[in-house]
Trainee: 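Below is the structure I would like to discuss, written out as structure tokens.
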Amino acid sequence: MLKPLTKKTNFTKRKGPVVLVIMDGVGFGKYKEGDAVAAALMTNFDLIKSTYPFVKLKAHGTAVGLPADDDMGNSEVGHNAMGCGRVYAQGAKLVSGSIETGKMFKGDIWNKLVSNVKTTGKTLHFIGLFSDGNVHSNNNHLKAMITKAKEDGASKVRVHILLDGRDVGETSALEYIDPFEDFLSSLRNSSFDCAIASGGGRMVITMDRYNANWSMVEKGWKTHVLGEGRMFKSAHEAVEILRKETGAIDQDIPAFVIEKDGKPVGTIVDGDSVIFYNFRGDRSLEITETFEKEDFNRFDRKRYPNVEYAGMMEYDGDAHVPKQFLVNPPSIDRTIGEYLVSTGVKQFAISETQKFGHVTYFFNGNRTGKFSEELEDYVEITSDIVPFSQRPWMKCAEITDKVIEAIKSDKYGFIRLNFPNGDMVSHTGIFEAAVCAMGALDICLGRLMKAVEEAKGIMVVTADHGNADDMYEHEKDGRVKIKENGKPKAKTAHSLNPVPCIIFDPEYKEEYGRQLREGLGVSSIAATCIELLGYNPPEDYNPSVLIWK
């Protein structure tokens, strides 16, 4: 148990709770065109931003533990940073470092998986998100592993690609597939057989999360493992034909299987080795369960091959999932949630299914479960299983209902919530839907403002990264890229833009200045909330945005 936080002597805690509102994917765009946040009617957001202490925070790159400042932030690293108050080297950086130093390839798990197929002539399979988005995976990691597998004596490699179109351009799949095919050709010889074996869009197969839609995982299992599905001679052909037939962007392209002589080129069978090469955990857990769990009941697997399976990283440190992994994740400790439990502060955390794990698991330092059953209450609102553009308000209102109940109950000192709209709807690339999502979020923000003011509390409004603020692709000179049909080319990836930090404090007594500390990242949210709760943050936490008088 951590030592309790010490009381802050120059601040009188407000009567009501501190409410942390995480508007997922809401930043400040640098272009007018394609900024759904600026285009929406956000009366309440604009009011508190202009009336109360406000500053912009960094939510990408090195500010959240990613390798470089041209790396977009994401919900995982954003919530990690907010929850622990510090910056840890994150997935992409850890994996890149492990590959560059050779540490991964000296590890027992890598050598076990390669040796398993080296002596038998069986297949080493790689499954994962196929892009360099650096949010869930990076193709450079995949290429390095395939190259090393050949060096280490593996004779057959199959790659099962999950098309992105979300963390990278919405129709960029062939920009990755074609050079990758050239890469495989450069490695292929009489003693080394390598090929793409199957694929499909990331929002169609395999990469479900939080148990929202297991049918996605079932489709992925049938595609990658069983080789069931529509067959094509190449991934290039599959993408071209399926895109033409469906009009889908990459993330929504149907599943496909690559064939030769009428048979799948890469089913997964007994004796094979399988590496799921995504480093981010949320969309890796369900496919991992499908490979690892013997008493599995989510769907009929039809055939359950006896394979050596490993993930890129440990996706759940408490449950120790997967059983085997190539790179150790960051060891995040002493989160704000754990400190508040040790101090006796009762907490409430809520979101809908799509972001529930972010405001609990990731916020708590990649930890499953609670620090205290007595002092923590978690509520998950079940997400709809429909395209988010068809329900752009998502579960905003229901989340707000529950938060207002929690505020009025007078039971909680710290309440945190995540509104997923800005992120999930913007990932669809449909600008009008994102504008609607922002309007719905703003209505809920107004309701929370009223409840917090009545309770004499404080509301901290922020975001984990940008997205809705940058929904069109732009040329270097700032002009919007235009598609052949004359419409703007949608951008479905996160932005590199800053995010808000607003201190809505109706009982403000000038204990701290209206001017907030600039140049900080979202990791400063933890210390900020601790100070507003009336305590001193740990010495090694990144500084609060508050400048005390």
Trainee: Under 4.0 Å between a Lys/Arg side-chain N and an Asp/Glu carboxylate O for R447 and D401?
Mentor: yes
Trainee: Do any N or O atoms from the side chain of D470 and from the backbone of N467 form a donor-acceptor pair under 3.5 angstrom?
Mentor: no
Trainee: Among N536, V345, L533, I530, find the one that has a side-chain contact (heavy atoms from CB on, under 4.5 Å) with L5.
Mentor: I530
Trainee: For the side chain of N74 and the backbone of V77, is there at least one donor-acceptor N/O pair under 3.5 Å apart?
Mentor: yes
Trainee: Would you say the side-chain atoms of D464 pair up with the backbone N or O of H79, donor to acceptor, closer than 3.5 Å?
Mentor: no
Trainee: Under a 4.0 Å threshold between the charged nitrogen and the carboxylate oxygen, would D505 count as salt-bridged to R514?
Mentor: no
Trainee: Using only heavy-atom distances, determine whether the side chains of R367 and Y361 contain a donor-acceptor pair under 3.5 Å.
Mentor: no
Trainee: Relative to F28, does K56 satisfy both conditions: NZ or CZ under 6.0 angstrom from the six-membered ring centre, and within 45 degrees of the ring's axis?
Mentor: yes
Trainee: Sub-3.5 Å donor-acceptor pair from the side chain of N80 to the main-chain atoms of F362, do we have one?
Mentor: yes
Trainee: Given the ring of Y472, does K491 sit roughly above its face, with NZ or CZ under 6.0 Å from the centre of the six-membered ring and within 45° of the axis?
Mentor: no
Trainee: Just by distance, do the side chain of E376 and the backbone of S372 share a donor-acceptor pair under 3.5 Å?
Mentor: yes
Trainee: Let me know which of N418, D423, D282, T360 forms a side chain to side chain donor-acceptor pair (under 3.5 Å) with K355.
Mentor: D423
Trainee: Test your reading of the model: is there a side-chain donor-acceptor pair from Q251 to the backbone of G201, 3.5 Å cut-off?
Mentor: no
Trainee: Quick one: do D477 and R479 make a salt bridge, cutoff under 4.0 Å?
Mentor: yes
Trainee: Looking only at heavy atoms, which two atoms of L57 and V545 are closest? And how far apart?
Mentor: CD2-CG1, 4.0 Å
Trainee: Answer yes or no: is there a side-chain heavy-atom contact under 4.5 Å between V522 and K58?
Mentor: no
Trainee: Can any side-chain N or O of R86 pair as donor or acceptor with the backbone N or O of I332 at less than 3.5 Å?
Mentor: no
Trainee: Could you tell me if K346 sits above the aromatic ring of F348, with its cationic atom closer than 6.0 Å to the ring centre and no more than 45 degrees from the axis?
Mentor: no
Trainee: Examine distances only and state if a side-chain atom of N421 and a backbone atom of P392 form a donor-acceptor pair shorter than 3.5 Å.
Mentor: yes
Trainee: Should the heavy atoms of other residues, nucleotides or ligands under 6.0 Å from NZ of K509 be counted, would the total exceed 12?
Mentor: yes
Trainee: Among F45, F504, Y508, whose ring pair (Phe, Tyr, Trp, His ring centres under 6.0 Å) with Y52 holds?
Mentor: F504
Trainee: Answer yes or no: is there a donor N or O on one side and an acceptor on the other, between the side chain of S383 and the main chain of T353, under 3.5 Å?
Mentor: yes
Trainee: Minimum heavy-atom separation for E511 and N10, please, with both atom names.
Mentor: CB-O, 4.1 Å
Trainee: Identify the two heavy atoms, one from A451 and one from I407, that lie closest to each other, and give their separation to 0.1 Å.
Mentor: O-CG2, 3.8 Å
Trainee: Evaluate salt bridge (Lys or Arg N to Asp or Glu O under 4.0 Å) for E373 paired with K370, printing each intermediate quantity in order.
Mentor: CA-CA 6 Å; E373 289 293 334; K370 302 173 182 176; 3.6 Å; yes
Trainee: Inspect the surroundings of NZ in K49 and state if more than 12 heavy atoms from other residues, nucleotides or ligands are less than 6.0 Å away.
Mentor: yes
Trainee: What heavy-atom pair brings S96 and H141 nearest, and what distance separates the two atoms?
Mentor: OG-NE2, 2.9 Å
Trainee: Using every non-hydrogen atom in the two residues, find where G422 and S426 come nearest and quote the distance to one decimal.
Mentor: O-OG, 2.6 Å
Trainee: Do you know which of R280, H465, Q354 makes side chain to side chain donor-acceptor pair (under 3.5 Å) with S75?
Mentor: H465
Trainee: Check E405 with K408, please: is the shortest side-chain N to carboxylate O separation under 4.0 Å?
Mentor: no
Trainee: Please determine whether a side-chain nitrogen of the Lys or Arg among E473 and K481 lies less than 4.0 Å from a carboxylate oxygen of the Asp or Glu.
Mentor: yes
Trainee: Please confirm whether R14 makes a cation-pi placement over F11, using NZ or CZ under 6.0 Å from the six-membered ring centre and within 45° of the ring normal.
Mentor: no
Trainee: Mark yes or no for whether S50, through its side chain, and D46, through its backbone, hold a donor-acceptor pair below 3.5 Å.
Mentor: yes
Trainee: Please report the closest heavy-atom contact between G281 and Y315, naming both atoms and the distance.
Mentor: CA-CD2, 3.6 Å
Trainee: State plainly whether the residues R202 and D164 are in salt-bridge range, i.e. N to O under 4.0 Å.
Mentor: yes
Trainee: For K13, does the NZ atom have more than 12 heavy-atom neighbours from other residues, nucleotides or ligands under 6.0 Å away?
Mentor: yes
Trainee: When you look at NZ of K15, are more than 12 heavy atoms from neighbouring residues, nucleotides or ligands closer to it than 6.0 Å?
Mentor: no
Trainee: With under 30° as parallel and over 60° as perpendicular, where do the rings of H427 and H494 fit, or are they tilted in between?
Mentor: tilted
Trainee: Determine, for K30 against D469, whether the closest basic-nitrogen to carboxylate-oxygen distance falls under 4.0 angstrom.
Mentor: no
